[in-house]
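Side chains included, hydrogens not; waters and symmetry mates left out as well; all remaining heavy atoms used.
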Amino acid sequence: MLDIFKAIILGIIEGITEFLPISSTGHLYLADYFIKLNQPKSFINMFMVVIQLGAILSVILIYFNKLNPFAPSKSHQEKEATWQLWLKVIIAVLPSVIIGLPLNDWLDKNMTTWQVIAATLIIYGILFIILENYYKKRTPSLTKLNKLSYRMAFFIGCFQVLSLIPGTSRSGATIMGAMLLGTSRFVSTEFSFFLAIPTMLGASVLKLGKYFMSGNTFVGNQLAVLLVGMIVSFLVAYISIKFLLRYVRSHDFKAFGWYRIILGILVIIIGSIFA
């Protein structure tokens, strides 16, 4: 029963942080010091990734009509535009697949440390502040998602590769990259949401596959713990996405940059004490 309660807390953390550019990994790393599941390490490692499936479903629910090329209410032209959007998303996810798959085990083994997470939190926090100072002097060249080119989608996907390093934030890397390429905050944020669907689905399927192929199964209350975490993550991510979409219409990302720096310092302090 205690693990169910812990799964609820972790689901809340995941739901809040997954789509905000503040790194869900950094937050879950901190949480792991204080909210340790009473489960084997193999299950915890899988749980921390697969819990993201709940957050994915919130994106699909919010954007179901926009992402559904078979919607009867859409005209032929709108359906074609939806297929083109999916193709851009697929093109954007390719760099992470090509680079991430061969390096997945190495990254898990060597990069999931408090030193790496703290460094990436602080570095990208500083970069967000610098980017916003640069960005406020310029007018975005692309303010409509349907005007996003295949070439630009690919380059945004290249920025997502940076998020293979824990603490970077997948949404942070793609939003920052898209803004550097000239998109508006709103367009960069929406495309980051869409790019999350195949990226996070793929990561979750890969993690589940490795978990079962290593001879693990769900025992005791493990399936309930995972499902509770996913459901809570879904509900909280839904609210978080709605908040971020409203936020970016009238605010910049500097606050997230400062937050990342503070969190990175906190990771250093806690890592130094408990490591």
J.: What closest approach, in Å, do T143 and S184 show between heavy atoms, and which atom pair accounts for it?
T.: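 Minimum heavy-atom contact is CA-OG, 4.0 Å.
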
J.: Can you confirm whether the side chains of S171 and S169 place a donor and an acceptor under 3.5 Å from each other?
T.: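 Yes.
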
J.: Can you tell me how far the CZ atom of F43 sits from the CG atom of N216, to the nearest 0.5 Å?
T.: 10.5 Å

J.: Angle between ring planes, F128 versus F253, binned at 30° and 60°: parallel, tilted or perpendicular?
T.: tilted

J.: Check step by step if side-chain contact (heavy atoms from CB on, under 4.5 Å) holds for K66 and L145.
T.: CA-CA 11 Å; K66 188 167 187 173; L145 186 62; 4.1 Å; yes

J.: What residue among F19, F186, Y238 forms ring pair (Phe, Tyr, Trp, His ring centres under 6.0 Å) with F193?
T.: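 Testing each of F19, F186, Y238 against F193, the sole residue satisfying ring pair (Phe, Tyr, Trp, His ring centres under 6.0 Å) is F19.
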
J.: Show your working on side-chain contact (heavy atoms from CB on, under 4.5 Å) between W106 and K109 and close with a plain yes or no.
T.: CA-CA 5 Å; W106 184 86; K109 184 178 180 181; 5.9 Å; no

J.: Taking atom types as modelled, find out whether Q160 and T174 have a side-chain donor-acceptor pair closer than 3.5 angstrom.
T.: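 No, no side-chain donor-acceptor contact under 3.5 Å.
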
J.: Between I126 and L266, is there a shared hydrophobic cluster once you connect ILVMFWY residues whose side-chain heavy atoms come closer than 4.5 Å?
T.: yes

J.: Quick one: closest heavy-atom pair of Q222 and Y211, and the distance?
T.: OE1-OH, 3.5 Å

J.: Hey, could you give me the CD/CG distance between Q84 and L148, rounded to the nearest 0.5 Å?
T.: 11.0 Å

J.: Taking the side chain as everything from C-beta on, heavy atoms only, tell me whether L101 gets closer than 4.5 Å to L206.
T.: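 Counting from C-beta outward, L101 and L206 do come under 4.5 Å.
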
J.: Give a yes or no on whether the backbone of E14 and the side-chain of S24 come within a donor-acceptor separation of less than 3.5 Å.
T.: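 Looks like no, no N/O pair under 3.5 Å.
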
J.: Quick check: is F155 connected to L164 through a chain of hydrophobic side chains (ILVMFWY, heavy atoms under 4.5 Å apart)?
T.: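 Result: no, two separate clusters.
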
J.: Donor-acceptor pair, distance only, cut-off 3.5 Å: does the side chain of T168 make one with the backbone of S163?
T.: no

J.: Check R185, K254, R138 against E132 for a salt bridge (charged side-chain N to carboxylate O under 4.0 Å, His left out) and give me the one that passes.
T.: R185

J.: Quick one: are L244 and F256 in side-chain contact, heavy atoms under 4.5 Å?
T.: yes

J.: Do L245 and F194 share a hydrophobic cluster (ILVMFWY, side-chain heavy atoms under 4.5 Å, transitive)?
T.: yes

J.: Between M200, R170, E190, K88, which is the residue that forms a side-chain contact (heavy atoms from CB on, under 4.5 Å) with L195?
T.: R170

J.: Count the heavy atoms of every other residue, nucleotide or ligand shown that sit under 6.0 Å from CZ of F34, and state whether that count exceeds 12.
T.: yes

J.: Indicate if L87 and L67 have the same hydrophobic cluster label, given that clusters are the connected sets of ILVMFWY residues with side-chain heavy-atom separations under 4.5 angstrom.
T.: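 Same cluster: L87 reaches L67 through Ile, Leu, Val, Met, Phe, Trp or Tyr contacts under 4.5 Å.
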
J.: Quick check: does any side chain N or O of S233 sit under 3.5 Å from a backbone N or O of G229, one acting as donor and the other as acceptor?
T.: no

J.: Compare every heavy atom of L181 with every heavy atom of M152, then report the nearest pair and how far apart it is.
T.: CE-O, 3.4 Å

J.: When rounded to the nearest 0.5 angstrom, what is the spacing between OG1 in T217 and CG in L223?
T.: 11.0 Å

J.: Taking all non-hydrogen atoms of both residues into account, name the closest pair between G264 and A118 and its distance.
T.: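 In terms of heavy atoms, the two residues are closest at O-CB, 3.6 Å.
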
J.: Between F218 and F212, is the ring centroid distance below 6.0 Å?
T.: yes

J.: Hey, does the side chain of K74 reach the backbone of N68 with a donor-acceptor pair shorter than 3.5 angstrom?
T.: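 Flag set: sc K74 to bb N68 pair under 3.5 Å.
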
J.: Can you tell me how far the NZ atom of K242 sits from the CZ atom of R246, to the nearest 0.5 Å?
T.: 8.0 Å

J.: Measure from the side-chain N and O atoms of S272 to the backbone N and O of I268, and report whether any donor-acceptor pair falls under 3.5 Å.
T.: yes

J.: Please list every donor-acceptor pair under 3.5 Å in which a side-chain atom of residues 2-13 meets a protein atom from a residue at least two apart or in another chain.
T.:
{"from": "D3", "atom 1": "OD1", "to": "N38", "atom 2": "N", "distance (Å)": "2.9"}
{"from": "D3", "atom 1": "OD2", "to": "N38", "atom 2": "N", "distance (Å)": "3.2"}
{"from": "D3", "atom 1": "OD2", "to": "Q39", "atom 2": "NE2", "distance (Å)": "2.9"}
{"from": "K6", "atom 1": "NZ", "to": "K36", "atom 2": "O", "distance (Å)": "2.5"}

J.: Is L201 linked to F47 within one hydrophobic cluster, defined over Ile, Leu, Val, Met, Phe, Trp and Tyr using a side-chain heavy-atom separation of less than 4.5 Å?
T.: yes

J.: Which atom names give the shortest non-hydrogen contact between V187 and T183, and what distance separates them?
T.: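 Scanning both residues completely, I find the closest heavy atoms to be CG1-CB, 4.1 Å.
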
J.: Return the CD1 to CD1 distance between I156 and I175, rounded to the nearest 0.5 Å.
T.: 10.5 Å

J.: If we only count heavy atoms from C-beta on, is the F191 to V89 side-chain gap below 4.5 Å?
T.: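 The answer is yes, as the side chains (C-beta and beyond) meet within the 4.5 Å cut-off.
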
J.: In Å, rounded to the nearest 0.5 Å, how long is the span from CD1 of I241 to OG of S192?
T.: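 If I round to the nearest 0.5 Å, the distance is 9.5 Å.
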
J.: For I22 versus H27, what's the shortest heavy-atom pair and its separation?
T.: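 Distance-wise, the nearest heavy atoms are O-CE1, 3.4 Å.
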
J.: Apply side-chain contact (heavy atoms from CB on, under 4.5 Å) to residues L127 and M176 and explain how you reach the verdict.
T.: CA-CA 9 Å; L127 288 176; M176 188 167 63; 3.9 Å; yes

J.: Quick one: do L28 and T17 satisfy side-chain contact (heavy atoms from CB on, under 4.5 Å)? Show the steps, please.
T.: CA-CA 9 Å; L28 290 173; T17 60; 5.7 Å; no

J.: Heavy-atom distance under 4.5 Å between the side chains of N45 and D108, does that happen here?
T.: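 When only atoms from C-beta onward are counted, D108 and N45 do not touch, as no gap falls below 4.5 Å.
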
J.: Given side chains that start at C-beta, do those of L162 and F159 come closer than 4.5 Å, heavy atoms only?
T.: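 Side-chain contact under 4.5 Å: yes.
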
J.: Quick check: F243 with H251 (ring centres under 6.0 Å apart)?
T.: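 No, too far apart.
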
